[in-house]
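Working notes, beginning with the structure itself.
Counting starts at 1 for both ligands and their atoms, in listed order.
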Amino acid sequence: MLRTHHCGELRIADAGKEVTLCGWLQRARDLGGMTFIDLRDRYGITQLAFNMETDSNLCKKARELGREYVLQVKGQVTERSSKNPRMPTGDIEIIVHELHILNEAQTPPFTIEEETDGGDELRMKYRYLDIRRELVRSKLELRHRMALETRKYLNEQQFIEVETPVLIKSTPEGARDFVVPSRMHAGQFYALPQSPQTFKQLLMVGGIDRYFQIVKCFRDEDLRADRQPEFTQIDCEMSFVTREDVLNTFEGLAKHLFKAVKGVEGIRFDRMSYQDAMKYYGSDKPDTRFGMRFTELDELVKGQGFKVFDQAELVAGICAEGCAGYSRKQLDELTQWVQRPQIGAKGLVYVKYNEDGSFKSSVDKFFDQEQLKAWAERTGARPGDLMLLLAGQKDATRKALGELRLEMGRRLDLRDPDTYACLWVTDFPLLEWDEETQRFYAMHHPFTSPLKEDIELLDTRPGEVRANAYDMVINGVEIGGGSIRIYHRPLQEKMFEVLGFTPEEALKQFGFLMNAFQYGAPPHGGVAFGFDRWCALFGGSESIRDYIAFPKNNAGRDIMIDSPSPIDPMQLKELHLKTDKQEGAG
Ligand code: ASP
């Protein structure tokens with residue numbers, strides 16, 4: 001090897017040793033008689049020292065080196081006179097007596113240090129330089145540990161990792177597919193998988209019993225901040241299990257990861273139905289690190305002549321502890337905040353519960369002190385607290401109040417990044433009605449089983465059927481989701497019928513799966529986790545991009561390799577993608 005040690009490992013106990021190190025020149029400092037270089041590799045930084053008096057040739061050579069030159073040095077580990085306690089190697093330096101330039105480097109477009117001067121786009125374009133930074137590299141290391149520990153745990157639980165194909169078939173359900181034109185079959189296309197869903201179910205029919213895969217998935221969705229067209233799932237499926245078995249198995253995975261990767265023990269999982277999540281938090285992924293649950297106030301507040309309440313489908317509120325002292329300005333600002341288009345509330349009603357027991361509200365004209373007191377009793381407000389109420393159409397009001405709750409949680413510092421609140425949200429609706437296309441869509445996917453007790457509603461009131469589906473939520477982030485599956489052909493056929501498929505269409509799209517169900521499909525269920533998101537959560541970052549070695553930007557482009565990009569006319573032709581018009585013209 002070209003080195004005896006790496007740049008992060010030498011300590012005072014190594015003083016006197018002759019060593020060879022390799023790495024990149026991060027920084028050089030010339031101090032008259034001495035030159036110091038910070039040599040960096042994946043493991044850390046070691047200081048190199050060159051002495052003008054004892055070896056002027058070598059010192060001169062060192063002074064000519066540029067940033068990011070790749071060096072090999074031989075020298076002696078020596079105790080430093082001025083130590084740097086912030087660096088693990090800060091007690092020593094290498095007195096260099098041999099210096100080899102392994103490669104030169106152009107001046108990098110941004111500083112490759114903890115604090116960088118490079119903007120987002122520039123660092124994306126030179127991602128390989130950004131990866132040299134400890135900050136970025138440590139995120140990839142975290143990801144590696146997460147993957148390793150996931151494999152360890154699942155392997156111990158008898159899961160086996162099976163690869164499923166990447167060139168599959170386009171289906172109309174779910175998000176939009178990325179497609180790949182076939183050269184050998186003119187006019188036909190493969191699709192890239194949005195998830196290995198049907199394959200993992202077929203593996204269950206194949207008797208694999210416990211499957212997992214850390215797998216790339218592809219969805220051609222409109223881009224939102226922090227969404228990647230390709231992302232990674234921890235995809236899992238099990239046979240002969242109930243929902244409880246699945247939830248327990250993957251609580252186990254979460255606990256294992258918390259302990260092995262974060263060193264956090266004592267993680268507990270709550271359970272909450274979708275209906276309660278919406279009613280009390282206005283979200284199917286509630287952040288339960290803090291309370292501030294919704295209180296519905298309809299019968300208390302309606303019929304008093306306040307139109308906004310009288311005409312509302314729902315009046316609900318939260319209680320912000322200790323906020324009675326909010327100024328006029330703060331309340332106006334909060335009102336404007338809920339009125340932003342993203343939140344969409346019409347207005348905000350506030351009630352201050354003053355320390356002296358009196359109330360001051362924005363609706364004093366309509367409600368007296370006694371009435372406001374009754375609201376306080378209902379919401380659990382105490383002197384010093386502030387009640388915030390929204391009113392309007394039910395779903396929209398819940399959603400807006402949910403956002404307000406999160407905002408107040410943030411303002412009151414209740415969303416501590418080092419606290420973890422984990423839960424399963426269960427019993428999602430099976431179907432979602434779409435006004436535009438006038439049909440039902442599967443809320444999860446069409447293979448999710450309805451709850452047994454709701455199956456009979458499929459014919460009469462399909463919108464009310466609950467699914468045997470669940471999401472894992474940590475600190476308000478949806479980490480994963482799954483379901484118990486349909487495994488009988490007739491029920492699967494019924495499901496496609498409810499989704500508006502003709503029997504022929506269902507057969508054409510999913511005949512392979514329904515046929516498989518006729519050859520002894522075991523009861524099964526599973527889950528998939530957003531691996532990038534889980535890494536980001538553990539890394540304490542908002543962005544999944546940071547945890548992907550070579551991510552796409554917010555417009556779905558890889559600006560480093562410049563993709564997507566046009567292809568050669570010859571290639572187009574081979575793929576049968578050239579239109580007649582183009583052929584005529586070219
Ligand atoms: N395949 C599903 C998804 O990607 C997860 C599952 O049901 O296991 O959302």
Do the ring planes of [X] and [Y] sit parallel (below 30°), tilted (30 to 60°) or perpendicular (above 60°)?
X      : Y      : value
Tyr128 : Tyr126 : perpendicular
Phe440 : Trp433 : perpendicular
Phe510 : Phe512 : tilted
Phe501 : Phe496 : tilted

Atom indices of ligand 1 within 4.0 angstrom of [X] heavy atoms, with elements:
X      : answer
Gly481 : 5 (C), 6 (C), 8 (O)
Gly482 : 6 (C), 7 (O)
Val527 : 8 (O)
Ser195 : 1 (N), 4 (O)

Kindly say whether the aromatic ring centers of Tyr274 and Phe428 come within a distance under 6.0 Å.
yes
Would Phe531 and Tyr547 count as a close aromatic pair, with their ring centres under 6.0 Å?
no
If we only consider heavy atoms of Gln201, is any one of them less than 4.0 Å away from an atom in ligand 1?
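Per 4.0 Å heavy-atom rule, Gln201 does not contact ligand 1.
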Only heavy atoms count here, so choose which of Gln233, Arg485, His445, Gln197 is nearest to atom 4 (O) of ligand 1.
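When every heavy atom of Gln233, Arg485, His445, Gln197 is considered, Gln233 comes closest to atom 4 (O) of ligand 1.
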Identify the protein heavy atom lying closest to atom 8 (O) of ligand 1, giving its residue, its atom name and the separation to 0.1 Å.
Lys200 NZ, 2.6 Å
Assess whether a salt bridge exists between Asp276 and Lys279, defined as any Lys/Arg side-chain N lying under 4.0 Å from an Asp/Glu carboxylate O.
no
Side chain, backbone, both or neither: Ala528 near ligand 1, heavy atoms under 4.0 Å
both
Which bit of Thr448 is near ligand 1, meaning a heavy atom under 4.0 Å away: side chain, backbone, both or neither?
neither
